[in-house]
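This report concerns only the one structure given below.
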Amino acid sequence: KAGVTQTPRYLIKTRGQQVTLSCSPISGHRSVSWYQQTPGQGLQFLFEYFSETQRNKGNFPGRFSGRQFSNSRSEMNVSTLELGDSALYLCASSAGSKSETQYFGPGTRLLVL
Amino acid sequence: AQTVTQSQPEMSVQEAETVTLSCTYDTSESNYYLFWYKQPPSRQMILVIRQEAYKQQNATENRFSVNFQKAAKSFSLKISDSQLGDTAMYFCAFIKTNAGNMLTFGGGTRLMVKP
């Protein structure tokens, strides 16, 4: 099976812009979780989607949003970008909804100038 | 809320030797899972090993094994016969049972394997 894929891999934006990141889970996986990784804050959970429904949300402002499509692909959106949003955004997929092992994608490196 | 602490920001080990990475966690939950993930310099996060809290037996995966002490809330990773390819960031992570797929990570330990 193909692994988790994320697009784009690298992105440069300026403050105030918005960005959309995409994640395709492993075939058959229905849960997608998103994480932000920064040197200062480490790995922080953003949100999780299962069967097109957001099930959990981390402690991030409303500028961070996401959605999941019927084919389990997920997107996350960050509006009104700030310098502090520069990070590696990781997507992980898992087969089911109950504390499953998560498999990570390569990440999208976002740089906000 | 759960917290995961990795007290060793950096470690190094000689090739072929054994190294142990420490992890402690704090939770009021009795049912949960613990993981060790590896993130090599290429950035792809890879699962190393998984431990179910209800199992007393420590998990092992080839050269990787854990020492799970539930009462002490400790979950250390032992890497035997270290290889150059083991050089990476290692993250300890916690997830509650039946609460969705929301991992809480420790701050990570950077492991360097020296030839």
> By a 4.5 Å heavy-atom criterion (distance strictly below it), what part of B:F91 contacts chain A: side chain, backbone, both, or neither?
Replying inline: side chain
>> Using every non-hydrogen atom in the two residues, find where A:G105 and B:Q44 come nearest and quote the distance to one decimal.
In response: C-NE2, 3.4 Å
Quick check on [X]: does its [atom1] atom have over 12 non-hydrogen neighbours (other residues, nucleotides or ligands) under 6.0 Å away?
{"X": "B:R110", "atom1": "CZ", "result": "no"}
{"X": "B:R63", "atom1": "CZ", "result": "yes"}
{"X": "A:K57", "atom1": "NZ", "result": "yes"}
{"X": "A:N59", "atom1": "CG", "result": "no"}

>> With a 4.5 Å cut-off on side-chain heavy atoms, are B:Q39 and A:L90 touching?
In response: yes
> Can you tell if the side chain of A:Q102 reaches within under 4.5 Å of the side chain of B:L47, non-hydrogen atoms only?
Replying inline: no
> Do side-chain atoms of A:E48 reach the backbone of B:M102 as a donor and acceptor pair under 3.5 angstrom?
Replying inline: no
> Sub-3.5 Å donor-acceptor pair from the side chain of A:Y35 to the main-chain atoms of B:L103, do we have one?
Replying inline: yes
>> Within this structure, what is the CG-CZ distance for the pair B:N101 and A:R30, rounded to the nearest 0.5 Å?
In response: 11.5 Å
> With a 6.0 Å cut-off on ring centres, are A:F104 and B:Y37 close enough?
Replying inline: yes
If two hydrophobic side chains count as joined below 4.5 Å and joins carry through other members, does [X] share a cluster with [Y]?
{"X": "B:M89", "Y": "A:Y89", "result": "no"}
{"X": "A:V32", "Y": "A:Y103", "result": "no"}
{"X": "A:I26", "Y": "A:F50", "result": "no"}

> Side chain, backbone, both or neither: which part of A:L88 has an atom under 4.5 Å from a heavy atom of chain B?
Replying inline: side chain
>> Taking side chain as everything from C-beta outward and backbone as N, CA, C, O, which of these in A:Q41 sits under 4.5 Å from a heavy atom of chain B? Side chain, backbone, both or neither.
In response: neither
